[in-house]
Novice: 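Here it is, the structure in full.
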There are 2 protein chains.
Amino acid sequence: MATNKSQRLTMSDVARHAGVSRTTVSFVLNDKPGAAIPDETRRRILEAIDELGYRPNAGARALAANRSGWFGLITEIVTGPFAGEVITGAQSRAWGDRRFLLIAASEGDPAQEAAALDQMLEHRVEGLLYATTWHRAVTLPKAAREVPTVLVNCYDAEGELPCILPDEVSGGYKATRRLLDAGHTRIGFINLDPAIPAAIGRREGYERALREAGITRDPSLVVPGWATADSAYTAACELLDRPAGDRPTALFCGNDRMAMGAYDAIKERGLRIPHDVAVVGFDNQELIAAYLRPKLTTLALPFEAMGTKGIDMLAALAAGQPLDTHRVTLDCPLLERSSV
Amino acid sequence: MATNKSQRLTMSDVARHAGVSRTTVSFVLNDKPGAAIPDETRRRILEAIDELGYRPNAGARALAANRSGWFGLITEIVTGPFAGEVITGAQSRAWGDRRFLLIAASEGDPAQEAAALDQMLEHRVEGLLYATTWHRAVTLPKAAREVPTVLVNCYDAEGELPCILPDEVSGGYKATRRLLDAGHTRIGFINLDPAIPAAIGRREGYERALREAGITRDPSLVVPGWATADSAYTAACELLDRPAGDRPTALFCGNDRMAMGAYDAIKERGLRIPHDVAVVGFDNQELIAAYLRPKLTTLALPFEAMGTKGIDMLAALAAGQPLDTHRVTLDCPLLERSSV
DNA sequence: GCGCTTTAATAACGCGCGTTACTTCCGTGT
DNA sequence: ACACGGAAGTAACGCGCGTTATTAAAGCGC
């Protein structure tokens, strides 16, 4: 009963109950500037709303005002640690602004992606956030051009769309710098696939830090891996089995899973973390970093901040404002735990 | 330019372009049964839609048809491994049915939860999915009564709302049974906080499996933990340091993080997994289970299936159909890897 | 030729709301 | 006395679409 009523309750019901016209109710609800509403009338109306339990119909409001209030968010995978953070960041900013997120996962399938985009356009999203799991170049369906779009953790090959990226270089620099500050001079770097932006940027940061510290470059300390614990285990074994004195006393790992593999290699050799070998990871995958023993010092990818910033940029674009920066890079904070 | 046109494109434009009335276009778009539309006319209209790049306005359609097409999904935290799976499951089922998910995270804050619910009701959601991170009892805001609601991974104290829960008992049974089948008879159980439903159910399953196998119960093999790797490490040490012959040859851990701690205790003692001590986890947190060395055999909580089933139940409720079961329990599949 | 059914298509209403333009009432100044 | 300006409030239109009459044309039997 209450259900039916509240479902069908309209502004006219409120107006009737308060003894005013529907227009007046609308003015009150929207704080219409320039509308002179005496306090007494306003009070009556708000009271009526309260008594009746009226809720404005967001859809009807959107139609009349020609502002859907929706932003679209397309990610590759919702499962997994990163998409959730982007969503969290985007949500918190969007909802505060009475805007809402229509979320879709493409699952890496172009057909699903296109379908999702279609639905979003039918819902008249005022902007689109497109986020990837790992930092790379992407190509968007043409339909994305119909609406302001911001790329998160990726960039388009043509370089036309605004994008938000993690600052890989500064990340690599900070990781290395942290180890240098702890007194290490032989720092192994178990990198990701050397062809991807994350690997390139982090290596650049790694080398800059060494250069600044006046340490001569030893390329044999940098080994590529493939983002798995196993590959990092192998790589770590290789580095740790060098003759003592030439063996690195610290390992900077391309991600936390790889740090897991490195941990195994270190422990197997009876070495202690961080006493004998210090380790820094990357990505801050909480489930790993916070539960490894000892807990892993690592760099966090700023997914939540990227989500927030993405909404900010979309809001600006949707309002027709120009963007101050087309390509934004966000800092990767260093999370100190116990592995250095 | 193209942007402006496509934003403002309406059904009337299509009608004009095809030389028919707007009504006819609507009939074609909705495959209106009982409307006699000659093939030639239909073709002309579809062609016009295509040429113009027309997209129906989902909001306006919802208003006119009085069917929002929205379902609400409230979770505690979007970050973290579980919410994503629920979302994935719910999304895949919902989108296929041309229904959409309005997602919100309460962050455990009742105020945010209430605000989210308000927004959802303003968007006229036709149903609500309420999911928690861990299996427990919850109390929903009264406003949730205004719309069909299904609980996921939780239940309401009053027992009025339909809910979907993991089958903890069968999970505990399967884990234990797997170890029994591998020949183990002294199976340690590092449980979660013994007061929560997951711990109670799994212990029941554990004991039933032992009973069925004719193994006399040894309560000292069951130790409580607190869901952390550290607490499990301590507990595992205790179990493993029992005199040989009395030491368990297998450990069933309350979750995968705890299995991580157990791994450390086992490896520290120079024991091998699974040769000397077998381990079974719970939760299947991919980041841990798939990257521990050796990979962890564990039970998966059926989050994705719970999300899917949740949408099914909501769809039925929203259509006014009665539910066959008020309380659904879903199986926790055993994922065989290399730790048994 | 006339009624009658089927086919094809449309005019018109309403969904719930934002907004504009308009009306009514009242106090003020001259 | 009158014009005038502001305060308070409302009628009416339109947003884009689903849907229900209703109309116009075409086919059919006699």
Side-chain angles (χ1 to χ4, degrees), chain A residues 4-45 48-49 52-70 98 121-126, chain B residues 4-45 48-49 52-70 98 121-126:
Chain A
N4 272 340
K5 294 190 74 169
S6 80
Q7 287 284 22
R8 309 215 140 284
L9 216 49
T10 178
M11 240 170 66
S12 304
D13 296 316
V14 176
R16 200 173 315 119
H17 194 264
V20 296
S21 78
R22 199 181 55 70
T23 306
T24 307
V25 177
S26 174
F27 285 172
V28 168
L29 275 176
N30 296 343
D31 278 328
K32 191 102 218 283
I37 316 268
D39 287 346
E40 158 63 13
T41 306
R42 178 186 309 273
R43 197 193 49 71
R44 274 213 326 276
I45 292 177
I49 289 177
L52 266 49
Y54 165 76
R55 296 178 197 282
N57 181 320
R61 172 181 288 210
L63 181 59
N66 192 27
R67 277 188 69 255
S68 74
W70 292 103
R98 298 201 113 240
L121 291 173
E122 293 196 3
H123 280 279
R124 297 298 186 264
V125 294
E126 300 171 33
Chain B
N4 273 338
K5 294 190 73 169
S6 79
Q7 288 284 20
R8 308 215 141 284
L9 216 50
T10 178
M11 241 170 65
S12 304
D13 296 316
V14 175
R16 200 172 315 120
H17 195 264
V20 297
S21 78
R22 199 182 55 70
T23 306
T24 307
V25 177
S26 175
F27 285 173
V28 168
L29 274 175
N30 297 346
D31 279 328
K32 192 99 217 284
I37 316 269
D39 288 346
E40 158 63 14
T41 307
R42 177 186 309 273
R43 197 193 50 72
R44 274 213 325 277
I45 293 178
I49 290 177
L52 266 47
Y54 165 75
R55 295 178 199 281
N57 181 321
R61 174 182 288 210
L63 181 58
N66 192 27
R67 278 187 69 254
S68 74
W70 291 105
R98 297 201 114 241
L121 292 173
E122 293 196 2
H123 280 280
R124 298 296 187 265
V125 293
E126 299 170 34

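Below, all heavy atoms of this structure are taken into account, side chains as well, without hydrogens, waters or symmetry copies.
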Novice: Using whole Å, report how far NZ of B:K32 lies from P of C:dA8.
Specialist: 16 Å
Novice: Look at all strands and tell whether A:T41 reaches a base, only sugar-phosphate, or nothing, counting heavy atoms closer than 4.0 Å.
Specialist: sugar-phosphate
Novice: Give the nucleotide from the list C:dG18, D:dT19, D:dG18 with an atom nearest to the side chain of A:R61.
Specialist: C:dG18
Novice: What is the separation between atom CZ on A:R43 and atom P on D:dA8, rounded to the nearest whole Å?
Specialist: 16 Å
Novice: For B:L63 and B:I37, find the nucleotide of DNA chain C closest to each by heavy atoms; which residue's nucleotide sits nearer the 5' end?
Specialist: B:I37
Novice: Looking only at the side chain of A:A64 (C-beta and beyond, no hydrogens), which of the listed nucleotides C:dC17, D:dT10, D:dC17 gets closest?
Specialist: C:dC17
Novice: B:R124 has an atom CZ; how far is it from atom P of C:dC17, in whole Å?
Specialist: 7 Å
Novice: Roughly how far, to the nearest 0.5 Å, is CZ of A:R61 from CZ of A:R98?
Specialist: 6.0 Å
Novice: Is the shortest heavy-atom distance from the side chain of A:N57 to the side chain of A:T10 under 4.5 Å?
Specialist: no
Novice: Without decimals, in angstroms, what is the distance between A:R55 CZ and C:dC17 C1'?
Specialist: 17 Å
Novice: Going by the angle between their ring planes, with limits at 30° and 60°, are B:W70 and A:W70 parallel, tilted or perpendicular?
Specialist: parallel
Novice: Between D:dC17, D:dA7, C:dG18, which nucleotide gets closest to the side-chain atoms of B:P56?
Specialist: D:dC17
Novice: Short of 4.0 Å, heavy atom to strand atom, which residues of residues 22-31 of chain B count as contacting DNA chain C?
Specialist: B:R22, B:T23, B:T24, B:F27
Novice: Strictly below 4.0 Å, N to O, side chains only: are A:D13 and A:R22 in salt-bridge contact?
Specialist: no
Novice: Between B:T23 and B:S26, does any side-chain donor sit less than 3.5 Å from a side-chain acceptor?
Specialist: no
Novice: Just how far, in rounded Å, is C1' of C:dG16 from NE2 of B:H123?
Specialist: 14 Å
Novice: Nearest whole Å is fine: how far is C:dG14 C1' from A:M11 CE?
Specialist: 16 Å
Novice: Got A:I45 and A:F27 here, is their nearest side-chain heavy-atom distance under 4.5 Å?
Specialist: no
Novice: How close or far is atom C1' of C:dC17 from atom OH of A:Y54, stated in whole angstroms?
Specialist: 7 Å
Novice: Which nucleotide in the list D:dG16, C:dC17, C:dT20 gets nearest to the side chain of B:T10?
Specialist: D:dG16
Novice: Check the distance between C:dG16's P and B:N66's CG and give it to me in whole angstrom.
Specialist: 7 Å
Novice: So, B:R55 side chain and A:E122 main chain: donor-acceptor pair closer than 3.5 Å or not?
Specialist: no
Novice: Looking only at the side chain of B:S21 (C-beta and beyond, no hydrogens), which of the listed nucleotides C:dG18, C:dT10, D:dG9 gets closest?
Specialist: C:dT10
